[in-house]
There are 2 protein chains.
Amino acid sequence: MVARYELIADELRGEILSGVHPVGSQLPSESELAARHGAARGTVRQAVAVLAAEGLVGSRQGARRIVLGTARSQSFAELHSFAEWARANGYRYGGQVIAQRRRPPTPAEAARLGSGEVLDVLRLRTLEDEPVLLERTAYAEWIAGAVEKLPPGCGSVTEALYESAGLVFAYGEHLIDAVPASTRDARLLGVRRGSPLLRQRRVTTTHEGRAVECSDDRYRAGSVAFSIRNSIGANPLVRHAGDLRFGA
Amino acid sequence: MVARYELIADELRGEILSGVHPVGSQLPSESELAARHGAARGTVRQAVAVLAAEGLVGSRQGARRIVLGTARSQSFAELHSFAEWARANGYRYGGQVIAQRRRPPTPAEAARLGSGEVLDVLRLRTLEDEPVLLERTAYAEWIAGAVEKLPPGCGSVTEALYESAGLVFAYGEHLIDAVPASTRDARLLGVRRGSPLLRQRRVTTTHEGRAVECSDDRYRAGSVAFSIRNSIGANPLVRHAGDLRFGA
DNA sequence: TAGTGGTCTAGACCACTGT
DNA sequence: CAGTGGTCTAGACCACTAG
């Protein structure tokens with residue numbers, strides 16, 4: 001069942017991407033869109049709210065909505081899963097488990113995943129056959145068994161866990177900063193020790209709020225960048241001083 | 001005029017932060033909240049939509065909403081303006097113009113700011129009296145005059161431009177990655193050459209979609225991190241390969 | 001099956017924009 | 001001033017969850 005407002009949003013998005021409403025131009029008024037689609041104004045407002053959340057259009061009270069751009073923010077899956085992002089963008093990608101063991105959680109991990117043992121996995125991911133990402137992930141005990149059953153060359157852990165355990169990653173919290181490569185990082189990624197790495201630390205939970213994993217992902221400089229579009233009305237990105245929330 | 005749904009959202013947020021609704025617990029149903037506040041259900045839905053956008057609560061059709069966390073995403077202003085972010089978090093901060101001149105735009109800047117001359121400003125920002133951020137900003141010609149009138153030790157450029165020119169930054173596009181410090185970066189920030197810097201490149205526009213500035217901001221490693229909360233439903237962050245959209 | 005959130009309607013009034 | 005988006009109401013039906 002596809003909602004009415006989604007259909008209207010899709011049609012408007014198509015018109016924006018195809019140039020019917022060029023960047024900088026005004027969108028039709030809500031009343032006009034409502035009449036055209038035979039829908040109530042509230043439904044049209046839901047549709048344009050979708051486009052506003054995607055950063056395509058902006059609005060000010062009293063004035064027509066304006067087309068801001070054509071670049072669309074992508075899905076949660078693309079942020080969470082390296083494989084899904086790479087495939088969606090047409091890149092060749094791969095992955096290999098370098099080390100895997102159970103161990104007691106650090107205090108920071110225990111606070112998020114519970115006090116049971118965690119499964120610590122070190123994975124090296126490649127893009128276009130070049131090593132670009134080193135993933136250090138601690139899985140909560142309740143999912144560790146399913147992770148251990150995955151093949152070491154598994155391309156997409158997210159998809160494999162969905163298929164084998166029905167696990168859906170639903171919410172994420174991410175901290176992004178820059179760190180120098182350690183000796184081991186440098187060797188695995190093929191860079192010099194101390195050279196810049198883009199670090200993404202994250203905690204992911206199911207939609208029930210159950211924590212699944214804590215991860216420390218390090219990208220080789222120049223291989224990947226993170227992009228954000230925001231507006232004065234709403235944005236999800238926050239700057240933090242130092243190393244606050246993820247512990248040592 | 002404060003909207004009704006904002007008041008309801010504020011009250012609910014306060015109850016979440018103060019522990020009335022602990023993390024993992026269920027929120028009251030929409031009908032109950034509507035009855036309690038004497039408001040229509042639609043108004044209550046607007047209120048909880050605010051909390052969902054902040055990442056505080058999650059929802060699934062048919063089940064009660066669940067409290068996901070207590071960390072709140074901050075405003076656009078805090079992402080855009082170093083000074084506003086620093087002040088909101090109680091840090092001592094400062095800034096100093098190191099160099100300022102007019103020059104022709106690079107091709108990438110011309111595509112965004114127009115083909116007129118740009119005003120190129122190099123600023124060093126401090127946090128707790130330590131140099132942490134090097135800002136290289138190209139202002140569009142139409143705002144350059146107002147920027148040149150600012151004092152070189154101006155703490156908040158965003159606020160000063162609002163007061164002197166009525167300028168409101170409304171939309172931003174940001175690319176975040178890691179780069180090694182150049183010789184000049186290193187000297188100004190007090191780090192070794194080649195050491196990691198967290199880079200934020202951004203383009204900011206007014207709410208009419210008029211581009212104001214392109215900037216390349218570099219943070220000393222360890223001084224600042226960016227934080228993002230997202231959900232499977234919506235998120236604004238995208239990963240990019242290499243150096244795509246901002247040109248050379 | 002009862003309760004909940006997701007969607008939708010058809011109105012209404014207000015604040016703001018642009019002419 | 002007319003037109004527009006922002007807010008709000010009081011209903012309705014449906015899809016889904018949970019007991």
Side-chain angles (χ1 to χ4, degrees), chain A residues 1-12 21 24-53 55-68 166 168 170-171 206-210 231-234, chain B residues 1-12 21 24-53 55-68 166 168 170-171 206-210 231-234:
Chain A
M1 185 54 193
V2 179
R4 185 87 176 269
Y5 75 87
E6 289 282 4
L7 298 176
I8 299 176
D10 288 345
E11 182 177 324
L12 273 174
H21 305 301
S25 69
Q26 294 184 335
L27 238 49
S29 74
E30 294 176 358
S31 341
E32 188 183 331
L33 289 171
R36 181 191 306 174
H37 291 90
R41 194 180 145 216
T43 307
V44 169
R45 281 180 65 80
Q46 268 187 290
V48 294
V50 171
L51 301 186
L56 295 184
V57 305
S59 67
R60 302 140 63 204
Q61 189 175 65
R64 284 274 181 98
R65 287 194 166 76
I66 290 180
V67 178
L68 292 174
V168 176
Y171 299 98
T206 67
H207 56 207
E208 294 93 358
R210 194 175 191 194
S231 74
I232 204 170
Chain B
M1 186 55 193
V2 179
R4 185 88 176 267
Y5 74 87
E6 289 284 4
L7 298 176
I8 299 176
D10 288 345
E11 183 176 323
L12 272 174
H21 304 299
S25 68
Q26 294 184 335
L27 238 47
S29 74
E30 294 176 357
S31 343
E32 187 182 333
L33 289 172
R36 183 191 303 174
H37 290 90
R41 195 181 146 217
T43 306
V44 168
R45 280 180 66 79
Q46 269 187 288
V48 294
V50 171
L51 301 185
L56 294 184
V57 305
S59 68
R60 302 140 61 203
Q61 188 176 66
R64 285 274 182 99
R65 287 194 166 76
I66 290 181
V67 178
L68 292 175
V168 176
Y171 298 100
T206 66
H207 55 207
E208 293 93 359
R210 194 176 190 191
S231 75
I232 204 170

Treating a pair as Watson-Crick (purine N1 to pyrimidine N3 plus N6-O4 or O6-N4) or G-U wobble (N1-O2 and O6-N3) with both distances under 3.5 Å, list the stems of 3 or more consecutive pairs that involve DNA chain D.
C:1-18 with D:1-18
Starting at CD1 of B:Ile66 and ending at C1' of D:dA18, how long is that distance when rounded to a whole Å?
12 Å
Using 0.5 Å steps for rounding, measure from the CG atom of B:Asp10 to the CG atom of B:Leu51.
9.0 Å
Between A:Arg4 (CZ) and D:dC14 (P), how many Å, whole number?
15 Å
A side-chain contact here means heavy atoms from C-beta on lying under 4.5 Å apart; do B:Arg65 and B:Val48 qualify?
yes
With no angle test and no hydrogens, is the base of D:dG6 tied to the side chain of A:Arg41 by a donor-acceptor pair under 3.5 Å?
yes
Atom CD of A:Glu32 to atom P of D:dG3: distance rounded to whole Å?
13 Å
The side chain of B:Ala3 lies closest to which of these nucleotides: C:dG5, D:dC8, C:dC8?
D:dC8
Just to confirm, is there a sub-4.0 Å distance from OP1 or OP2 of D:dT4 to any side-chain nitrogen or oxygen of A:Arg64?
yes
Grab the two heavy atoms, one from A:Arg4 and one from A:His37, that are nearest each other, plus how far apart they are.
NH2-O, 2.7 Å
Can you work out whether A:Gln46 or A:Gly62 has the more 5'-proximal nearest nucleotide on DNA chain C?
A:Gln46
Any heavy-atom pair between the side chains of B:Leu56 and B:Val67 that's under 4.5 Å?
no
Close side-chain approach of A:Leu27 and A:Val57, heavy atoms under 4.5 Å
yes
Whole-Å gap separating C1' (C:dC8) and CG (A:Leu7)
13 Å
Are B:Arg65 and C:dG6 close enough that a side-chain N or O sits under 4.0 Å from OP1 or OP2?
yes
Length of the line joining A:His37:NE2 and C:dT7:P, which is rounded to integer Å:
17 Å
Calculate the interatomic distance between A:Gln61 atom CD and D:dG3 atom C1'; express it in whole Å.
13 Å
Is A:Ile8 close to A:Leu33 at the side-chain level, that is, under 4.5 Å between some pair of heavy atoms?
no
Where each residue is assigned the nucleotide of DNA chain C containing its nearest heavy atom, which of A:Ala63 and A:Val44 is assigned the position nearer the 5′ end?
A:Val44
Within less than 4.0 Å of OP1 or OP2 of D:dT9, is there a side-chain N or O belonging to B:Thr43?
yes
Rounded to whole angstrom units, what separation is found between the CZ atom of B:Arg45 and the P atom of D:dT7?
16 Å
The nucleotide from C:dG6, D:dC8, D:dG6 with an atom nearest the side chain of A:Glu30 is D:dG6
Does D:dT7 have its OP1 or OP2 closer than 4.0 Å to a side-chain nitrogen or oxygen of B:Tyr5?
yes
Check whether any side-chain heavy atom of B:His21 lies under 4.5 Å from a side-chain heavy atom of B:Gln26, and answer yes or no.
no
In whole Å, what is the span from the CD atom of A:Glu6 to the P atom of D:dC14?
20 Å
